[in-house]
Amino acid sequence: MSLLFALAMAACTSTQRTASETVFPPEIAFLERRVADDPGDYTAWNRLGYAYLRTLRLTGNHDFLDGALRAAEASMSALGAPENRAGLMLLARARQANHEFGMARDLARQLLEIDPDNADYWAILSDSLLELGDYDQARGALGRMYDAGGSTLGSETRVSRQHMLHGRTAQARGHLEKALRHAQASPGQPENLAWCHWQLGELAFSSGDLDGAERHYDEALRVLPTFIPALGARGRMLAARGRIDAAIEAYEKATESDPVPPFVAVLSDLYRARGDQRRADALMRVVDEGAQSARDRRLDRRHLSLIYADRDRRLEEAYDLAVADYAERPDIYAADTLAWAALKTGRLDEARRAIAAATRLGTPDAKILYHAGMIARASGDLAGSRELLARAIALNPHFDFRQSQVARNALAEIAVR
């Protein structure tokens with residue numbers, strides 16, 4: 001992701017951006033006036049909801065998520081299913097964006113009862129099941145989506161993700177390249193093209209290919225200079241190259257528009273590495289203050305848990321956040337987060353159980369391997385720890401600005417025992 005706050009940050013302070021301070025695009029302003037004049041116009045509500053979701057995707061501002069949910073509910077109040085399938089699908093998409101994946105799954109199944117051959121409905125079901133950690137059923141739903149709609153940008157990106165989860169990197173790249181060609185054929189939607197380049201960059205970065213990652217990040221930003229995920233990813237790549245000042249500049253630009261906790265936390269680390277302790281501490285306060293919003297705290301609890309656990313601060317809170325996340329969204333990444341927070345709070349048995357769940361698919365993720373290696377070390381399994389830490393570093397020696405060095409230090413310590 002995870003990529004998504006309604007914070008605004010200036011210098012060393014932070015403020016909470018309210019809905020009244022949000023600058024809404026002209027399309028949204030027009031549709032808001034239209035539904036105000038005619039609250040029963042469900043078609044206008046649907047258009048408004050999708051405009052909110054698209055703007056949410058571009059900006060990460062949760063005010064737009066609130067708008068999408070409001071529009072979806074109003075549309076369904078104006079006209080229910082099955083007549084208003086577009087409204088029901090909007091509601092499912094908005095529930096997904098709000099991390100209510102169980103509700104989105106149930107809404108997708110309701111849509112499929114109406115039309116079992118609709119690829120979009122299968123896509124919603126597959127996405128929801130994936131986030132819920134039900135990988136077998138997600139794969140089956142994705143197959144039905146592909147059968148119903150063939151090769152599209154949406155189907156190729158989803159197939160790519162399935163391959164990546166199971167360690168089939170070459171196949172994942174091939175399907176993303178197909179998705180990129182679909183995006184190139186639709187020049188009127190630059191965010192799709194930017195998204196594909198960003199994903200290809202992420203795939204390259206995950207295997208330690210910094211040159212390939214940089215090419216795709218730069219191309220994403222050429223297509224859409226304000227694309228927040230690529231701005232942050234480019235900052236991470238620059239940090240991996242040791243270009244701290246350039247990385248700080250990239251993260252500053254990203255957080256001006258969308259100060260998501262992972263970006264702000266890494267920016268704090270970069271300032272700390274440069275010796276600016278005051279700025280680094282102020283940025284961590286931004287993370288803490290952003291977590292005070294119940295909505296943003298729920299949506300970003302996975303990020304917050306990792307941020308706190310990585311930095312050995314607010315550890316019981318990190319654990320509580322991870323437990324809540326795993327209860328609602330038990331995919332492998334929630335299991336990994338829970339394993340790391342459990343280790344940091346001394347719950348070693350729970351950490352071992354959770355990391356087993358996190359590694360069950362064989363996903364080639366250096367951070368998961370690192371966490372597994374550190375849990376093995378704490379368990380006294382030095383041989384297993386050595387193997388896992390070495391695999392993490394070999395896969396991607398720059399997987400995290402701080403933790404990759406911790407992994408190298410731990411591996412060196414084990415080697416001399």
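Residues take their numbers from the sequence shown, with the count starting at 1.
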Visitor: Please enumerate all residues that pass side-chain hydrogen bond (donor to acceptor under 3.5 Å, both in side chains) together with E316, with sequence neighbours excluded.
Guide: R347

Visitor: Quick one: does any side-chain atom of T345 pair with a main-chain N or O of A341 as donor and acceptor, under 3.5 Å?
Guide: yes

Visitor: Set out, in order, the CA-CA distance, both residues' side-chain angles and the distance that settles side chain to side chain contact (heavy atoms under 4.5 Å, CB included) for Y326 and T337, then state yes or no.
Guide: CA-CA 8 Å; Y326 188 72; T337 304; over 6 Å; no

Visitor: Compute whether any side-chain donor of one residue and acceptor of the other, for E252 and Y271, lie under 3.5 angstrom apart.
Guide: yes

Visitor: Is there a donor-acceptor contact under 3.5 Å from the side chain of S207 to the main chain of A204?
Guide: yes

Visitor: Starting from the C-alpha separation in whole Å, work towards a yes-or-no answer on side chain to side chain contact (heavy atoms under 4.5 Å, CB included) for R168 and H175.
Guide: CA-CA 11 Å; R168 299 185 289 267; H175 284 282; over 6 Å; no

Visitor: Under a 4.0 Å threshold between the charged nitrogen and the carboxylate oxygen, would E131 count as salt-bridged to R161?
Guide: yes

Visitor: Give me each pair satisfying side-chain hydrogen bond (donor to acceptor under 3.5 Å, both in side chains) with a member in residues 141-154, each pair once, sequence neighbours excluded.
Guide: Y146-E156, S151-E156, S151-H182, T152-S155

Visitor: Quick one: which residue pairs count as a salt bridge (charged side-chain N to carboxylate O under 4.0 Å, His left out) with a foot in residues 179-192, not counting sequence neighbours?
Guide: R54-E191

Visitor: For the residue pair R329 and L132, establish whether any side-chain heavy-atom pair is separated by less than 4.5 Å.
Guide: no

Visitor: Answer yes or no: is there a donor N or O on one side and an acceptor on the other, between the side chain of S186 and the main chain of A183, under 3.5 Å?
Guide: no

Visitor: Are any side-chain N or O atoms of D300 and backbone N or O atoms of H303, one a donor and one an acceptor, separated by less than 3.5 Å?
Guide: no

Visitor: For F401, does the six-membered ring have the charged nitrogen or CZ of R236 within the cation-pi criterion, i.e. under 6.0 angstrom from the centroid and within 45° of the normal?
Guide: no

Visitor: Looking only at the aromatic ring of each residue, does the gap between the centers of H62 and F64 stay below 6.0 angstrom?
Guide: no

Visitor: With sequence neighbours left out, which residue pairs that include part of residues 364-373 fulfil the salt bridge (charged side-chain N to carboxylate O under 4.0 Å, His left out) condition?
Guide: K367-D400

Visitor: Is it true that R301 and D320 have a side-chain N and a carboxylate O under 4.0 angstrom from each other?
Guide: no

Visitor: Where do L107 and I124 land on the side chain to side chain contact (heavy atoms under 4.5 Å, CB included) test, with the steps shown first?
Guide: CA-CA 9 Å; L107 289 167; I124 297 170; over 6 Å; no

Visitor: Which residue pairs pass the side-chain hydrogen bond (donor to acceptor under 3.5 Å, both in side chains) test with at least one member in residues 218-227, sequence neighbours excluded?
Guide: D218-R234, E219-R222

Visitor: If we ignore hydrogens and angles and just use 3.5 Å, is the side chain of W198 paired with the main-chain N or O of L221 as donor and acceptor?
Guide: no

Visitor: Under 4.5 Å between any side-chain heavy atoms of M76 and L88, yes or no?
Guide: yes

Visitor: If the threshold is 4.0 Å, N to carboxylate O, is there a salt bridge linking D310 and R402?
Guide: no

Visitor: Going by distance alone, is a donor N or O of one side chain under 3.5 Å from an acceptor N or O of the other, for Q96 and S128?
Guide: yes

Visitor: Measuring from atom CG of L343 to atom CG of L315, what distance do you get when rounded to the nearest 0.5 angstrom?
Guide: 10.0 Å

Visitor: With heavy-atom distances below 4.5 Å as the criterion, would you say the side chains of L238 and E249 are in contact?
Guide: no

Visitor: Output all residues satisfying side-chain hydrogen bond (donor to acceptor under 3.5 Å, both in side chains) with R243, sequence neighbours left out; order by chain, then residue number.
Guide: none

Visitor: Taking the side chain as every heavy atom from C-beta outward, state whether D66 and Y52 have any pair of such atoms under 4.5 Å apart.
Guide: no

Visitor: Do any N or O atoms from the side chain of T363 and from the backbone of L165 form a donor-acceptor pair under 3.5 angstrom?
Guide: yes

Visitor: Are any non-hydrogen side-chain atoms of Q162 and L130 less than 4.5 angstrom apart?
Guide: yes

Visitor: Any side-chain donor paired with an acceptor under 3.5 Å for R298 and N98?
Guide: yes

Visitor: Do Y217 and E202 meet the criterion of a side-chain donor-acceptor pair at a distance under 3.5 Å?
Guide: yes

Visitor: Tell me whether R360 contacts the main-chain N or O of A357 through its side chain, where contact means a donor paired with an acceptor under 3.5 Å.
Guide: yes

Visitor: For a side chain to side chain contact (heavy atoms under 4.5 Å, CB included) check, start with the C-alpha distance between T157 and Q199, then their side-chain angles and the critical distance, and finish with the verdict.
Guide: CA-CA 9 Å; T157 55; Q199 284 292 289; over 6 Å; no

Visitor: Listed by chain and number, what are the salt bridge (charged side-chain N to carboxylate O under 4.0 Å, His left out) partners of R314, not counting sequence neighbours?
Guide: D288, E317

Visitor: Can you pull out every salt bridge (charged side-chain N to carboxylate O under 4.0 Å, His left out) where at least one residue sits in residues 89-99? Sequence neighbours excluded, please.
Guide: E73-R95, R95-E100

Visitor: Do L31 and E27 come close enough that some side-chain heavy atom pair is under 4.5 Å?
Guide: yes

Visitor: Report the relative orientation of the aromatic rings in F101 and H99; use parallel for angles under 30°, tilted for 30 to 60°, perpendicular for over 60°.
Guide: parallel

Visitor: Using side-chain hydrogen bond (donor to acceptor under 3.5 Å, both in side chains) as the criterion, list what pairs up with Y370, not counting sequence neighbours.
Guide: Q403

Visitor: Who are the salt bridge (charged side-chain N to carboxylate O under 4.0 Å, His left out) partners of D106, not counting sequence neighbours?
Guide: none

Visitor: Using 30° and 60° as the class boundaries, would you call the ring planes of H216 and H197 parallel, tilted or perpendicular?
Guide: tilted

Visitor: What residue among Y333, W340, F399 forms ring-ring contact (aromatic ring centres under 6.0 Å, His included) with H371?
Guide: W340

Visitor: Among side-chain atoms of Y121 and Q110, is any donor-acceptor pair under 3.5 angstrom?
Guide: no

Visitor: What pairs with D134 under salt bridge (charged side-chain N to carboxylate O under 4.0 Å, His left out), at least two apart in sequence or on another chain?
Guide: none

Visitor: Between D245 and R274, is there a salt bridge with N-O shorter than 4.0 Å?
Guide: yes

Visitor: Answer yes or no: is there an ion pair linking R241 with E214, defined by an N-O contact shorter than 4.0 Å?
Guide: yes

Visitor: Apply side-chain hydrogen bond (donor to acceptor under 3.5 Å, both in side chains) to R352 and list each qualifying residue two or more places apart in sequence or on a separate chain.
Guide: D349, S379

Visitor: List the steps and the verdict of salt bridge (Lys or Arg N to Asp or Glu O under 4.0 Å) for R139 and D136.
Guide: CA-CA 5 Å; R139 184 170 60 251; D136 290 339; 3.0 Å; yes

Visitor: Taking all non-hydrogen atoms of both residues into account, name the closest pair between A220 and A230 and its distance.
Guide: CB-CB, 3.9 Å

Visitor: Under a 3.5 Å distance rule, please check whether Y50 uses its side chain to pair with a backbone N or O of L90 as donor and acceptor.
Guide: yes

Visitor: Please answer whether the main-chain N or O of A71 pairs with a side-chain N or O of S75 as donor and acceptor at a distance below 3.5 Å.
Guide: no

Visitor: Without hydrogens or angle criteria, can the side chains of N46 and N84 be said to hold a donor-acceptor pair below 3.5 Å?
Guide: yes

Visitor: Could you pull out the closest heavy-atom pair between D209 and G212, with the gap in Å?
Guide: OD1-N, 2.9 Å

Visitor: With side chains defined as the heavy atoms from C-beta onward, is the minimum distance between L321 and R297 less than 4.5 Å?
Guide: yes

Visitor: For a 4.5 angstrom cut-off between non-hydrogen side-chain atoms, does T255 reach L267?
Guide: yes

